[in-house]
Each structure stands twice: as structure tokens, then as C-alpha cells.
Engineer: 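Take this structure, written in C-alpha cells, and hold onto it; I'll ask about it next.
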Amino acid sequence: MWTEERLESLLTTPSEGLIEDIKKIQGDIYILGAGGKMGPSLALLAKNACTAAGIDKKICAVSRFSNPSIAKELNQRGIETISMDLMAEGAIDSLPYVDNIIYMAAKKFGTKGNESETWATNVMLPSLVARKFKGSKIVVFSSGNLYPMVPIHSGGSIDDSPTAPIGDYAMSTLGRERIFEYAANEYNTKVLIYRLNYAIDLRYGVLSDLANKILNDEVIDLHSGNFNCIWQGYANEVAIRSLLFASSPATRLNITGPETVSVRYAAGLLGKYLGKAPKFMGIESDTAYLNNASKCFEIFGYPSVSLNQLIQWQAEWILDGGHQLNIPTHFEEREGNY
Ligand SMILES: NC(=O)c1ccc[n+]([C@@H]2O[C@H](COP(=O)([O-])OP(=O)(O)OC[C@H]3O[C@@H](n4cnc5c(N)ncnc54)[C@H](OP(=O)(O)O)[C@@H]3O)[C@@H](O)[C@H]2O)c1
């Protein structure tokens, strides 16, 4: 039987590799933009790794915390929180200098019609952060959708493939990267650009999108017929350990699962576990947003949770009445409209 406690335990139990690496990370860790879908479990994972390693390190989660109960829960688990709009006048200056920053603040959904806010969040805010934290190591969350769509048999874009962002969200996310790259070049700030494709934490994600379509009798369009995804526990672990690989000039790292996942396959297996056959329309395009994370696996090892395991967990989570965030990924979007 799935419960929030079981899911949280899976997401926040550190691996031996993380426990060893957290001992090597000097100084405190501040997570900026920690109140979203990934930040709370990342903060708890970092805290649990410190506890398991027997070290004392402040893990501080900074965010607007539009949902204040998230900050409260983090506090109860020993994580310091700072509730602030980082864009507010003087907000960044009020933060202390810290050795390590995991930068997660972003705006994606609601960009259409409010493009200027997306650019301000994704580019202007990074400039303020980059100026303040010149001496820090910074892991900068970014997106795998900065690369062009590639042939589905190509093995995916590699970490240094040329970018070709489509639409304001992807363009401004590249802008965020460029600002931090500038800081790495100009101020010698140690930076790692973390390009992520679709985390799965059961409460949201591409598999949750597909499962809900099956259960709601919605037809699944196969046009965007392939994707990558990764267990969020692994993605968060890599983000923390990546502090050790931040460099000047900046390092770029793709983070996603090892498979090119077929929508037809994933939906079919979900349907089997859910006891309901998916309905499909259309045929698969020859191209998709696909990234190759071989470099990540070489450094940190393969994810401990397999694709089939994720699919089974996703179906069980929904059948057990697990909470859904109801924030679709829009992974099928090909024109950059979010
Ligand atoms: N989840 C994925 O599968 C995925 C895939 C690719 C890339 N990414 C990127 O990875 C990062 C983390 O993902 P996520 O899913 O956790 O993102 P998310 O749910 O959008 O969370 C971003 C957080 O940043 C906070 N924030 C934004 N602007 C802020 C501001 N001005 N001041 C203070 N806080 C601010 C948000 O505010 P509140 O505290 O008010 O909520 C939110 O908590 C993001 O940069 C995202 O674009 C995620």
C-alpha cells in the first residue's frame, strides 16, 4: 500500500555515494526556489545525507513558499526556511554569503500571455544571484528542452550538443544558463548547468500524465511518441553531488533516464497495471526532445529505479488513491507554448 510516508522515504533516503560525497562538500547549502515540485524532497535528501554522514551542515530552503505548509513541514524536519520573493528589492542582498547554491527558481507554466514575467524570473533573477554569489559553487537547474528535437533513433542530444530553444520558456531558460556561464567566465564562479528531462515522483510527471489520460478515457496522441524520464530521487541526488563538479568555465550535464521511452510502450504497461487499455491516435513523429545522459551515469552511476519499476509504482500510486498535483508536464508540446 502506498502512502505519502513511503513515497517520501524512497525519495529522501540517501545512497552510499551521496553520503560519501556530502562529506566532501564544504560549507552550507542554500536551495533557491525550493518550494516547488522537486525542492522539498531535495532539501530533505540533503539533510538526511548529512545525518547519515554524521556531519553538521545547514540546509536552507529559500522560496516564496506560496504554499506555506511546505515551509512548515520542512521546518519540522530540521530544514531552515526563508520565505521571500527573490525578485523583491533587496531580497538577494539580505541573504548571507554561502559556499553552495542549488538554484531551482523558474517560471514555465503561464508563460503564454505573460512572457515578460518568465524572462524576468528566468534571466533577470539569475543576474542578481550571479552578482551576489560570485564566490559560491552553483548548480543551476535548467531544461533538456533547450536542444532541438532529434531523430528518435539518434540516442539523444549530448551535453555539449548545440542548443536551439523554441519559445519564450526555452529561450529564457537558455538565458538563465548564459548568465551563470558569464559568472563562471567573468567572476570565476564555479557553475554546473543541470539540464533535466522530466522527473518522476508519482504525484506528477509524464507517467502520471499518461496514467490519468488512460483512467479518464482520454485519447493519447502519439505524435510526440517518445520521451525521457528519471526517478526524482536520483535526479535530486545528482543535483547535490554535482556541487563537487561545478567549475569555471561552467560544466554542462544532462540528467535523465537511460531509455528512449516509447509512449505506446509506457501507456500499454500502465494500462495493464491499471486494468484499462489506453486509446491512441496518430502515429509517432520521427523526432522528439531526447537527451543522452551517458556522462551523468559515468560520473554517478545508473539510476537505482528502473523504468518498469517506475511504471508499476505510478499505477499502484494512483490505484491506492495517492495525491496528484494535477500539474501536467505538457511533454507533448512541440511549439514551445507553455
Ligand atoms: N520537474 C521537472 O521534471 C523538471 C524538468 C525540467 C526542468 N526542471 C527545472 O528544475 C527546477 C525545479 O523543478 P520544479 O519542478 O521543482 O520547479 P517548480 O515546481 O516550478 O518550482 C520552482 C520554485 O521556484 C520558486 N520561485 C519562482 N520564482 C521565485 C521568486 N521570485 N522568489 C522565490 N521563489 C521563486 C517557486 O515558488 P513557490 O515557492 O511560491 O512555489 C517554486 O517553488 C526548475 O528550474 C524547473 O524549470 C524541472
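All ligand and atom numbering here is 1-based and tracks the order in the structure. Residues: numbered from 1 along the sequence shown.
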Engineer: Would you mind running through ligand 1 and noting each atom that sits below 4.0 Å from a heavy atom of Ala199?
Structural biologist: 2 (C), 3 (O)
Engineer: Side chain or backbone, does Met38 bring an N or O within less than 3.5 Å of an N or O on ligand 1?
Structural biologist: yes
Engineer: Sort out for me which residue in Ser304, Ser15, Ser242 forms a side-chain hydrogen bond (donor to acceptor under 3.5 Å, both in side chains) with Glu237.
Structural biologist: Ser15
Engineer: Test your reading of the structure: does Leu86 have an N or O sitting under 3.5 Å from an N or O of ligand 1?
Structural biologist: yes
Engineer: Keeping the roles fixed (side chain from Glu218, backbone from Leu210), state whether a donor-acceptor pair exists under 3.5 Å.
Structural biologist: no
Engineer: Looking at Lys272, I'd like to know if its NZ atom is crowded, meaning that more than 12 non-hydrogen atoms belonging to other residues, nucleotides or ligands lie closer than 6.0 Å.
Structural biologist: no
Engineer: Would you confirm whether the ring centroid of Phe180 sits within less than 6.0 angstrom of the ring centroid of Tyr103?
Structural biologist: yes
Engineer: Tell me if the centroids of the rings in Phe245 and Phe300 come within less than 6.0 Å of each other.
Structural biologist: yes
Engineer: Apply side-chain contact (heavy atoms from CB on, under 4.5 Å) to Arg264 and Leu222, showing your working.
Structural biologist: CA-CA 7 Å; Arg264 203 185 281 272; Leu222 289 173; 3.2 Å; yes
Engineer: Charged N to carboxylate O under 4.0 angstrom, Lys37 versus Asp201?
Structural biologist: no
Engineer: Is it the case that ligand 1 has an N or O less than 3.5 angstrom from some N or O of Ser66?
Structural biologist: yes
Engineer: Pairs of nitrogen or oxygen atoms closer than 3.5 Å, one from Ser63 and one from ligand 1: do any exist?
Structural biologist: yes
Engineer: Mind checking whether Met124 has a heavy atom under 4.0 Å from ligand 1?
Structural biologist: no
Engineer: Please round to the nearest 0.5 Å and tell me the distance separating atom CH2 of Trp231 and atom CG of Leu202.
Structural biologist: 5.0 Å
Engineer: Tell me if a side-chain donor or acceptor on Asp209 pairs with a main-chain N or O of Pro328 at a distance below 3.5 Å.
Structural biologist: no
Engineer: What is the nearest protein non-hydrogen atom to atom 21 (O) of ligand 1, stated with its residue, atom name and distance?
Structural biologist: Gly36 CA, 3.3 Å
Engineer: Find out if a path of hydrophobic residues (ILVMFWY) with successive side-chain heavy-atom gaps under 4.5 Å connects Leu243 to Val140.
Structural biologist: no
Engineer: So is Met84 in contact with ligand 1, going by heavy-atom distances below 4.0 Å?
Structural biologist: yes
Engineer: May I ask you to identify, for Ser142, whether its side chain, its backbone, both or neither come under 4.0 Å of ligand 1 on a heavy-atom basis?
Structural biologist: backbone
Engineer: Against the six-membered ring of Tyr169, is Lys107 placed for a cation-pi contact (under 6.0 Å from the centre, within 45° of the normal)?
Structural biologist: no
Engineer: Below 4.0 Å, non-hydrogen atoms only: which portion of Arg195 touches ligand 1? Side chain, backbone, both or neither.
Structural biologist: neither
Engineer: Which protein non-hydrogen atom lies closest to atom 23 (C) of ligand 1, naming both residue and atom, and how far is it?
Structural biologist: Gly33 O, 3.4 Å
Engineer: Salt-bridge test for Asp21 and Arg241: reply yes if a basic N is under 4.0 Å from a carboxylate O, no otherwise.
Structural biologist: yes
Engineer: For atom 1 (N) of ligand 1, what is the nearest protein heavy atom, given as residue, atom name and distance?
Structural biologist: Tyr204 OH, 3.0 Å
Engineer: Give me the residue, atom name and distance of the protein heavy atom closest to atom 11 (C) of ligand 1.
Structural biologist: Phe141 CD2, 3.5 Å
Engineer: Would you indicate which of Arg64, Lys37, Lys108 comes nearest to atom 37 (O) of ligand 1 when only heavy atoms are counted?
Structural biologist: Arg64
Engineer: Under a 4.0 angstrom heavy-atom cut-off, which atoms of ligand 1 come close to Ala105?
Structural biologist: 24 (O)
Engineer: For ligand 1, which atoms, with element, lie under 4.0 Å from some heavy atom of Ala106?
Structural biologist: 24 (O), 27 (C), 44 (C), 45 (O), 47 (O)
Engineer: Quick one: does Ser248's side chain get under 4.5 Å of Tyr187's, heavy atoms only?
Structural biologist: no
Engineer: Can you tell if the side chain of Arg334 reaches within under 4.5 Å of the side chain of His223, non-hydrogen atoms only?
Structural biologist: yes
Engineer: With a 4.0 Å cut-off on heavy atoms, is Tyr169 in contact with ligand 1?
Structural biologist: yes
Engineer: Looking at Glu298 and Lys295, is there a salt bridge between them, counting it only when a charged N and a carboxylate O are closer than 4.0 Å?
Structural biologist: no
Engineer: For ligand 1, which atoms have a heavy atom of Met104 less than 4.0 angstrom away?
Structural biologist: 11 (C), 12 (C), 22 (C), 44 (C), 45 (O)
Engineer: Under 4.0 angstrom from ligand 1, any heavy atom of Phe109?
Structural biologist: no
Engineer: Should you measure from each heavy atom of Phe65, which atoms of ligand 1 turn up under 4.0 Å away?
Structural biologist: 38 (P), 39 (O), 40 (O)
Engineer: Please check whether Leu196 reaches ligand 1 - meaning an N/O of the residue sits under 3.5 Å from an N/O of the ligand, judged on distance alone.
Structural biologist: no
Engineer: Quick one: does ligand 1 sit under 4.0 Å from the side chain of Gln232, the backbone, both or neither, non-hydrogen atoms only?
Structural biologist: neither
Engineer: Mark up the atoms of ligand 1 that fall under 4.0 Å of a heavy atom belonging to Gly35, in ascending order.
Structural biologist: 39 (O), 41 (O), 43 (O)
Engineer: Please report which non-hydrogen protein atom sits nearest to atom 31 (N) of ligand 1, along with the residue it belongs to and the distance in Å to one decimal place.
Structural biologist: Asp85 OD1, 2.9 Å
Engineer: What about Ile193 and Ile101, same hydrophobic cluster or not, with Ile/Leu/Val/Met/Phe/Trp/Tyr joined at side-chain heavy-atom distances under 4.5 Å?
Structural biologist: yes
Engineer: Can Met87 be said to touch ligand 1, with heavy atoms closer than 4.0 Å?
Structural biologist: yes
Engineer: Any atom of ligand 1 sitting under 4.0 Å from a heavy atom of Ala88?
Structural biologist: no
Engineer: Examine Asn197 against ligand 1 and note whether any of their N/O atoms are separated by less than 3.5 Å.
Structural biologist: no
Engineer: Out of all atoms in ligand 1, which are within 4.0 Å of some heavy atom of Arg176? Include the element for each.
Structural biologist: 45 (O)
